[in-house]
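Written out below as structure tokens is the structure these notes cover.
Heavy atoms only: backbone and side chains are in, while hydrogens, waters and symmetry mates are out. Predicted model, so just to flag it, every value in this text is computed and none were measured.
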Amino acid sequence: ILPLAPDAFAVRKGDLMVIYAASFQDTKLAERFAASLKEKGLHVDEERSPVDLKMMLVSFGAFPDKAKAEEAAKAAQKAGLETQVTAIAR
């Protein structure tokens, strides 16, 4: 499953081991992913689970102006990170 779902992991569920392949906030994306696994012959169960979504925000840099911050954000994006430039409330 790892070539199809690199973040998959196994968890004990009762007496069985279950492989969790992915999680999605968008139902349509979840359905498409499940369909792609089914097309490859895998048995797939879809399960809705309420999740209290907590996020950890990571910030970096102390830039002299917005232009320098945006320049650093572009470099971070090229490295695969999602970025958002915001001013620090003082």
Side-chain angles (χ1 to χ4, degrees):
I1 187 85
L2 289 178
L4 304 173
D7 295 325
F9 60 94
V11 175
R12 183 169 299 282
K13 190 172 186 179
D15 292 336
L16 303 173
M17 291 299 289
V18 176
I19 297 174
Y20 284 92
S23 59
F24 298 88
Q25 287 181 296
D26 185 316
T27 303
K28 296 231 183 280
L29 288 175
E31 290 169 352
R32 281 198 299 261
F33 183 72
S36 73
L37 295 178
K38 289 174 187 176
E39 287 172 5
K40 292 174 176 55
L42 295 170
H43 172 79
V44 176
D45 290 319
E46 297 174 52
E47 178 181 330
R48 291 191 186 275
S49 178
V51 176
D52 181 18
L53 185 61
K54 294 181 182 178
M55 297 173 49
M56 177 64 74
L57 301 176
V58 178
S59 62
F60 61 92
F63 303 99
D65 55 46
K66 187 174 181 179
K68 291 289 184 189
E70 289 174 344
E71 189 178 308
K74 285 180 185 175
Q77 288 168 356
K78 287 181 183 176
L81 300 174
E82 286 186 32
T83 64
Q84 180 177 357
V85 175
T86 59
I88 297 173
R90 295 179 186 212

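Every salt bridge (Lys or Arg N to Asp or Glu O under 4.0 Å) that Lys66 has, sequence neighbours left out, goes to Glu70.
Taking a 6.0 Å sphere around CD of Glu82, one finds it holds 12 or fewer heavy atoms contributed by other residues, nucleotides or ligands.
To the nearest 0.5 angstrom, Glu46 atom CD is 10.0 Å from Phe24 atom CZ.
Here the closest non-hydrogen pair linking Ala5 and Ala21 is CB-O, 3.5 Å. In terms of heavy-atom proximity, Glu47 sits nearest to Lys13 at OE1-NZ, 3.3 Å.
Under the 4.5 Å side-chain heavy-atom criterion for Ile, Leu, Val, Met, Phe, Trp and Tyr, Leu4 and Ile19 are members of the same hydrophobic cluster.
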Can you give each donor-acceptor pair under 3.5 Å made by side-chain atoms of residues 31-45, sequence neighbours left out, with the distance rounded to 0.1 Å?
unit_1 : atom_1 : unit_2 : atom_2 : d
Ser36  : OG     : Phe33  : O      : 2.7
His43  : NE2    : Asp45  : OD1    : 3.3
His43  : NE2    : Asp45  : OD2    : 3.4

